[in-house]
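One structure is given below, encoded as structure tokens.
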Amino acid sequence: QVQLVESGGGLVQAGGSLRLSCVASGTMFSGRVMSWYRQTPGNQRELVASVSRTGYTNYGDSVKGRFTISRDNAKNTVYLQMNRLKPEDTAVYYCTAGYPYWGQGTQVTVAA
């Protein structure tokens, strides 16, 4: 079983940066694809970024060139560096190790 705890969310001005962290407990972290999703009220969760166990990355179109996902398998941690934030990036951000493993989410609010 995998448990995930996100941190690093908060309030930031447009154009600013935040770094989210997700620490995984349990086994097999290094073998799993890790992803960040985000969700706004009334909408489905959308993929922000994912990283394979070997470091291959994939990004949603709206964040390409601004966000960077990375992982540290020794620390069981995945990161999301978010730069040049926009108000439309405001959402609850979730870390996942694949169904059914989701974190509790962390709020990111970008003020105009």
Side-chain angles (χ1 to χ4, degrees):
Q1 187 157 351
V2 177
Q3 294 181 320
L4 305 169
V5 179
E6 302 103 331
S7 62
L11 173 64
V12 64
Q13 294 292 318
S17 298
L18 283 174
R19 188 174 84 152
L20 305 183
S21 299
C22 172
V23 180
S25 62
T27 60
M28 299 176 60
F29 170 85
S30 62
R32 289 186 172 272
V33 174
M34 298 299 297
S35 303
W36 288 95
Y37 280 73
R38 66 187 182 187
Q39 187 173 27
T40 54
N43 294 304
Q44 291 185 335
R45 291 182 186 182
E46 66 167 342
L47 176 68
V48 177
S50 61
V51 58
S52 74
R53 61 181 180 87
T54 58
Y56 178 81
T57 57
N58 183 49
Y59 295 93
D61 287 342
S62 62
V63 307
K64 285 180 181 177
R66 300 188 297 123
F67 290 11
T68 302
I69 190 171
S70 61
R71 67 191 295 162
D72 185 337
N73 289 336
K75 295 182 178 180
N76 280 9
T77 302
V78 61
Y79 304 98
L80 185 68
Q81 177 66 43
M82 305 186 293
N83 298 328
R84 292 185 281 136
L85 282 160
K86 305 175 181 180
E88 51 264 44
D89 294 318
T90 295
V92 178
Y93 284 70
Y94 297 91
C95 172
T96 179
Y99 180 84
Y101 305 117
W102 290 85
Q104 81 288 351
T106 185
Q107 176 71 47
V108 171
T109 302
V110 184

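Using a 4.5 Å cut-off on side-chain heavy atoms (C-beta onward), I69 and M34 make no contact. In this structure, R66 and D89 have side chains that are in contact, with non-hydrogen atoms separated by less than 4.5 Å. Looking at R38 and V63, their side chains come closer than 4.5 Å, going by heavy atoms from C-beta outward.
Every residue was checked against the salt bridge (charged side-chain N to carboxylate O under 4.0 Å, His left out) condition with R84, not counting sequence neighbours, and none meets it.
When every heavy atom of K75 is checked against every heavy atom of V23, the shortest pair comes out as O-CG1, 4.5 Å. In plain terms, the two heavy atoms of V33 and S50 that are nearest each other are CG1-CB, 4.2 Å. The nearest pair of heavy atoms linking L4 to A24 is CD2-CB, 3.5 Å. F67 approaches Y59 most closely through the heavy-atom pair O-CE2, 3.3 Å. Across all non-hydrogen atoms, the minimal contact from T90 to V110 is OG1-N, 2.9 Å. Across every non-hydrogen atom of V78 and C95, the tightest pair is CG1-SG, 3.7 Å.
The pair D61-K64 counts as a salt bridge, with a side-chain nitrogen and a carboxylate oxygen less than 4.0 angstrom apart.
For the pair R71 (side chain) and T54 (backbone), a donor-acceptor distance under 3.5 Å is absent. With E6 contributing its side chain and Q104 its backbone, the two residues share a donor-acceptor pair below 3.5 Å. Although no hydrogens or angles enter the test, the distance criterion places a donor-acceptor pair under 3.5 Å between the side chain of T96 and the main chain of Y101.
Shown here is Q3, whose CD atom has no more than 12 heavy atoms of other residues, nucleotides or ligands within 6.0 Å.
Here R32 contributes atom CZ and R53 contributes atom CZ; the two are 13.0 Å apart, rounded to the nearest 0.5 Å. Taking CZ of R19 as the start and CE of M82 as the end, the distance is 11.5 Å to the nearest 0.5 Å. Taking CG from N76 and SG from C22, the interatomic distance works out to 10.0 Å, rounded to the nearest 0.5 Å. Taking CG of L20 as the reference point, atom CH2 of W36 lies at 4.5 Å (rounded to 0.5 Å).
Hydrophobic clustering keeps Y79 apart from V108 (ILVMFWY residues linked when any side-chain heavy atoms are closer than 4.5 Å, directly or through intermediates).
In the hydrophobic clustering, Y94 connects to Y37, L47, V92, W102, either directly or through intervening members, whenever side-chain heavy atoms lie under 4.5 Å apart.
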